[in-house]
Amino acid sequence: MKTRRLKCVTDDPWLEPVEAEMNARYARFNDRLKEIENIHGSLLKFADAWNYFGIHFSREANGWFYREWAPRARDLYFFGDFNKWDRHSHRMERRDNGVWEIFLPYEIYKDKFVHESLVKVLVHGNNGWQERIPVYIRRIIQNVNTKDFAGQLWFPAKKFNWQGDRFRITQSQIPLIYECHVGMAQEEPRTGTYREFADHVLPRVKEAGYNLIQVMAIAEHPYYGSFGYHVSNFFAPSSRFGTPEDLKYMILKAHQMGIGVIMDIVHSHTVKNYNEGLNDFDGADGLYTHPGERGNHPHWDSKVFDYGKPEVVQFLLSNLAYWLKEYHFDGFRFDGVTSMLYFHHGYVDSWDRDKYFYEGVEWDAITYLQLANTLVHKIRKDAITIAEDVSGMPGISNPVPHGGIGFDYRLGMGIPDFWIKNLKERKDEDWDIGELYQVMLDRKFDVKTVAYCESHDQALVGDKTIAFRLMDQEMYWHMAANDNHPVIDRGIALHKIIRLLTIALGGEAWMNFMGNEFGHPEWIDFPREGNRWSHWFARRQWSLAANPDLKYKYLLAFDKAMIDMVTEHNTMQAPYPRQLNMDHHNKTMVFERGGLVFIFNWHPTRSLPDYAFPTPDSGKYKIILCSDDYQFGGHGRVHTLPDYPAIPGPDGGGVARIYNTNRTAIVLKKL
């Protein structure tokens with residue numbers, strides 16, 4: 001019987017030489033899924049382990065069960081406030097498949113095993129006696145004096161009320177993503193909270209026109225400066241920012257504003273820490289992670305998950321189900337997908353077909369990601385999943401039944417790298433406008449891509465945001481609205497048109513890191529010993545954009561106008577753009593997308609009166625956006641009120657004329 005050809009292959013002839021490998025990839029997924037369904041009944045039941053492991057109250061047994069997977073441990077002891085921290089009085093019993101269990105009757109412990117009391121588990125294994133934190137614990141707190149972490153029981157008297165939360169992401173909606181970090185989202189030099197973010201930042205997001213927030217650093221992480229990427233406790237929302245109810249309040253409020261909430265999920269690695277994390281939890285080398293050197297991430301100082309173990313896959317899938325069901329998240333941005341896909345973690349000089357299918361590919365990780373995407377969309381059909389993958393793995397954003405890995409979108413990570421490289425290494429007059437255009441379109445159009453100029457990565461110490469790279473220290477002295485300075489003038493002009501070109505051509509969705517919409521100055525530097533534990537650079541100075549006497553207001557106004565334009569005209573999901581003109585001498589590009597005509601003049605100095613440019617049709621055109629308008633910090637050189645007539649031209653198109661000013665982007669629409 002002939003094997004059905006996968007759609008990924010029929011749609012892309014480049015994959016025909018590796019069709020057997022594509023088929024094998026899909027077969028591995030199907031085999032694993034069938035195995036799960038045969039043993040557990042369904043993928044959903046398999047991913048319900050968060051309701052079995054950890055600490056749960058049983059009405060039938062009238063007491064609490066605590067369960068842990070630790071197959072090679074010799075003994076486990078549960079202890080904490082409830083037994084006055086007696087490390088050996090409450091021994092757990094070994095059950096089947098390496099699971100340990102203890103039951104605490106309600107009548108005996110109702111006044112001891114209580115809300116906000118602290119717990120740990122003592123694990124006796126090959127490495128001796130280790131005090132650990134329960135793996136599935138829902139809340140972690142840190143002792144302010146000893147800096148020690150412990151699990152905290154969270155049994156609030158009143159359950160959070162989700163009534164009225166019927167938010168769903170519509171399929172026709174362009175994802176306009178506001179990447180954010182709760183802790184550094186306030187202006188004061190301190191750690192912000194979930195409720196502060198909900199009450200003070202979400203209204204800014206709504207006003208700016210974004211419809212999704214992508215929240216970083218949610219899962220508990222012992223080191224604040226890791227930006228949330230060294231996760232220790234995967235089921236505990238970070239207590240730095242408030243309580244679980246505070247996080248739910250933030251998500252509910254976002255939903256009430258029509259804003260979806262995507263979690264930045266880290267399933268690519270975990271911390272090495274014994275005191276807080278999963279590392280060697282049962283007392284022997286490798287449990288949730290690979291044993292030996294393979295379990296060490298060579299670049300991130302962390303541990304790598306063993307995606308071949310059913311128990312690890314169950315743990316990670318349960319984690320996804322937990323955040324979706326318990327906290328009503330609307331999807332995930334999977335961090336470090338490239339690192340997951342390959343044994344070399346993506347650290348290679350170049351990519352080719354062999355590297356995608358033969359050289360160091362981590363098939364177990366691919367199968368896990370296929371299962372993860374399948375699960376997420378079973379729980380929420382409208383949920384969005386995004387892959388942070390720089391490798392371009394074929395099928396990354398194609399449906400699993402087509403032979404893909406199942407993500408809805410991939411991050412267009414080459415675009416920010418290109419902009420930074422261009423700004424660092426080339427003078428303005430040396431920019432190749434043909435290259436600018438091609439880089440924005442360097443993707444397969446059946447692979448949905450999140451376009452962005454910069455994210456948190458470009459804002460960290462050691463790098464610079466585009467605004468800071470363009471204007472640097474002059475931002476400290478010359479951002480007054482009445483201060484005309486050539487560096488600031490250039491920086492504001494390029495900041496606007498770089499973003500507009502990227503959103504117009506770079507993908508089917510858009511992402512912005514909070515504050516970059518108004519050119520937030522400086523870098524991000526979390527409190528650490530090297531800066532005397534200062535929060536000064538781990539905050540957002542919203543007042544800069546709100547100050548009418550500063551030029552940040554212009555960038556904010558332009559970003560809102562840009563977002564409103566792509567939303568109204570559905571620009572990002574329009575068909576492939578049509579290039580109308582590429583004038584290298586005058587560094588002017590003209591193209592059409594979604595019925596709009598875009599004119600970009602990248603020339604540092606050359607403004608051209610009565611500049612003739614082609615249009616798709618003859619007729620009257622109207623300017624709907626011009627980066628040179630006064631309201632956007634421009635010079636007001638282009639008249640936006642009159643109609644621009646296009647006379648009949650060659651090939652059935654039209655020809656119009658306009659004042660083509662330097663470092664300006666103009667968008668026209670036919671009347």
Side-chain angles (χ1 to χ4, degrees), residues 174 176-178 208-210 412 415-416 418-419 422-423 428 431 433 435-441 449-454 465-467 469-470 489-513 516-519 552 554-574 577-582 587-604 613 621-635 637-638 640 658 660-669:
I174 299 174
L176 300 167
I177 304 166
Y178 199 80
Y210 291 84
I415 294 176
F418 169 77
W419 283 124
N422 215 42
L423 289 166
D428 295 5
W431 287 18
I433 63 169
E435 183 185 27
L436 299 187
Y437 188 82
Q438 290 304 320
V439 168
M440 296 304 113
L441 297 173
T449 299
V450 178
Y452 64 109
C453 303
E454 50 187 338
T465 63
I466 287 177
R469 193 171 293 282
L470 286 167
D489 187 54
R490 168 186 176 264
I492 287 179
L494 287 178
H495 191 273
K496 291 180 291 187
I497 64 176
I498 284 172
R499 291 170 71 84
L500 182 59
L501 183 70
T502 305
I503 202 171
L505 296 178
E508 291 68 42
W510 171 253
M511 185 177 73
N512 167 72
F513 180 67
N516 287 352
E517 69 274 15
F518 63 85
Y552 297 98
Y554 298 136
L555 296 179
L556 181 62
F558 182 79
D559 192 79
K560 177 169 172 47
M562 179 182 78
I563 293 295
D564 288 346
M565 183 195 73
V566 300
T567 301
E568 180 181 351
H569 298 282
N570 201 30
T571 310
M572 301 196 77
Q573 295 180 0
R578 174 183 170 188
Q579 186 183 122
L580 298 173
N581 191 34
M582 198 62 68
K587 292 197 177 297
T588 296
M589 61 174 69
V590 184
F591 60 88
E592 177 271 333
R593 192 176 188 201
L596 303 180
V597 177
F598 294 80
I599 306 171
F600 284 83
N601 182 340
W602 298 91
H603 203 285
F613 65 95
Y621 287 79
K622 180 78 175 176
I623 292 178
I624 61 171
L625 184 65
C626 176
S627 67
D628 196 56
D629 281 0
Y630 288 125
Q631 62 180 316
F632 305 137
H635 302 287
R637 295 169 291 175
V638 182
T640 57
I658 203 165
N660 180 21
T661 56
N662 70 305
R663 289 182 180 141
T664 299
I666 300 170
V667 186
L668 302 102
K669 178 183 179 182

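This is a predicted model, so every value here is computed, not measured.
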K.L.:
Is there a side-chain contact between Phe591 and Met440 in this structure, where contact means two heavy atoms from C-beta onward sitting under 4.5 Å apart?
P.N.:
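Of all side-chain heavy-atom pairs linking Met440 with Phe591, none is under 4.5 Å.
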K.L.:
Consider side chain to side chain contact (heavy atoms under 4.5 Å, CB included). Of Gln438, Met582, His603, which one does Ile433 pass it with?
P.N.:
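That would be Met582; it is the only one of Gln438, Met582, His603 passing the side chain to side chain contact (heavy atoms under 4.5 Å, CB included) with Ile433.
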K.L.:
Does any non-hydrogen side-chain atom of Phe613 lie less than 4.5 Å from one of Ile666?
P.N.:
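No. Closest side-chain heavy atoms not under 4.5 Å.
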K.L.:
Hey, could you give me the OG1/CD1 distance between Thr571 and Ile174, rounded to the nearest 0.5 Å?
P.N.:
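Going from the OG1 atom of Thr571 to the CD1 atom of Ile174 covers 6.5 Å.
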K.L.:
Write down the atom of Phe598, the atom of Met565, and the distance for their closest heavy-atom approach.
P.N.:
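Closest approach of Phe598 to Met565, heavy atoms only: CE2-CE, 3.9 Å.
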K.L.:
Just verifying a value: how many Å separate His495 NE2 and Phe632 CZ, rounded to the nearest 0.5 Å?
P.N.:
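Output value for this atom pair is 14.5 Å.
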K.L.:
Do the side chain of Arg663 and the main chain of Arg490 share a donor and acceptor less than 3.5 angstrom apart?
P.N.:
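No; judged by distance alone, with no hydrogens or angles, the pair does not exist.
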K.L.:
When you compare the side chain of Tyr552 with that of Ile492, does any pair of heavy atoms fall below 4.5 Å?
P.N.:
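No, too far: nothing below the 4.5 Å cut-off.
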K.L.:
Work out which heavy atom in Gly412 is nearest to a heavy atom in Tyr452; give both atom names and the distance.
P.N.:
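Reported closest heavy-atom pair: O-CE2, 3.7 Å.
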K.L.:
At what distance, to the nearest 0.5 angstrom, does CZ of Phe418 lie from CG of Leu436?
P.N.:
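Atom-to-atom, Phe418:CZ and Leu436:CG are 4.5 Å apart.
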K.L.:
If we ignore hydrogens and angles and just use 3.5 Å, is the side chain of Glu454 paired with the main-chain N or O of Ile466 as donor and acceptor?
P.N.:
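Yes: the side chain of Glu454 pairs with the backbone of Ile466.
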K.L.:
If only side-chain N and O atoms count, and only distance matters, is there a donor-acceptor pair under 3.5 Å linking Thr640 with Asp629?
P.N.:
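Absent: no donor and acceptor within the cut-off.
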K.L.:
What heavy-atom pair brings Arg593 and Met572 nearest, and what distance separates the two atoms?
P.N.:
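Here Arg593 and Met572 meet closest at NH2-O, 3.2 Å.
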K.L.:
Return the minimal non-hydrogen interatomic distance between Ile497 and Phe600, and the atom names on each side.
P.N.:
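Taking every non-hydrogen atom into account, O-CE2, 3.5 Å.
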K.L.:
Just how far is it from atom CG of Asp428 to atom CG of Leu494, taken to the nearest 0.5 Å?
P.N.:
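So the CG of Asp428 and the CG of Leu494 are separated by 5.5 Å.
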K.L.:
If every non-hydrogen atom of Glu517 is compared with every non-hydrogen atom of Tyr210, which pair is closest and at what distance?
P.N.:
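Smallest heavy-atom distance, with atoms named: CB-OH, 4.4 Å.
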K.L.:
So which heavy atom on Thr567 is nearest to which on Ile563, and how close?
P.N.:
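That would be OG1-O, 2.7 Å.
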K.L.:
Answer whether the closest heavy-atom distance between the side chains of Ile624 and Glu568 falls below 4.5 Å.
P.N.:
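When only atoms from C-beta onward are counted, Glu568 and Ile624 do not touch, as no gap falls below 4.5 Å.
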K.L.:
Sub-3.5 Å donor-acceptor pair from the side chain of Asn601 to the main-chain atoms of Thr664, do we have one?
P.N.:
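No: the side chain of Asn601 does not pair with the backbone of Thr664.
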K.L.:
When you compare the side chain of Ile599 with that of Leu668, does any pair of heavy atoms fall below 4.5 Å?
P.N.:
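The answer is yes; the side chains approach within 4.5 Å.
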K.L.:
Do Phe558 and Leu625 have side-chain heavy atoms sitting under 4.5 Å apart?
P.N.:
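Side chain of Phe558 against side chain of Leu625, heavy atoms only: contact under 4.5 Å found.
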K.L.:
Is the shortest side-chain heavy-atom distance between Thr502 and Leu505 below 4.5 Å?
P.N.:
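No, too far: nothing below the 4.5 Å cut-off.
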K.L.:
Using a distance-only test with no angle check, is there a side-chain donor-acceptor pair under 3.5 angstrom linking Asp489 and His635?
P.N.:
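Yes - a donor-acceptor pair under 3.5 Å links their side chains.
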K.L.:
Measure the spacing between CZ of Phe518 and OH of Tyr554 and express it to the nearest 0.5 Å.
P.N.:
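One finds 16.0 Å between CZ of Phe518 and OH of Tyr554.
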K.L.:
Spell out, as yes or no, whether a donor-acceptor pair under 3.5 Å connects the side chain of Arg637 to the backbone of Asn662.
P.N.:
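Checked: pair present.
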K.L.:
Is a side-chain donor or acceptor of Ser627 paired with a backbone partner of Ala665 at a separation under 3.5 angstrom?
P.N.:
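Yes, the answer is positive, given that a donor and an acceptor are paired below the 3.5 Å cut-off.
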K.L.:
Nearest 0.5 Å, what's the CH2-CG distance between Trp510 and Asp559?
P.N.:
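So the gap between those two atoms works out to 7.5 Å.
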K.L.:
Considering only heavy atoms from C-beta outward, does the side chain of Asn516 approach that of Arg499 to under 4.5 Å?
P.N.:
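They are in contact (side-chain heavy atoms under 4.5 Å apart), so the answer is yes.
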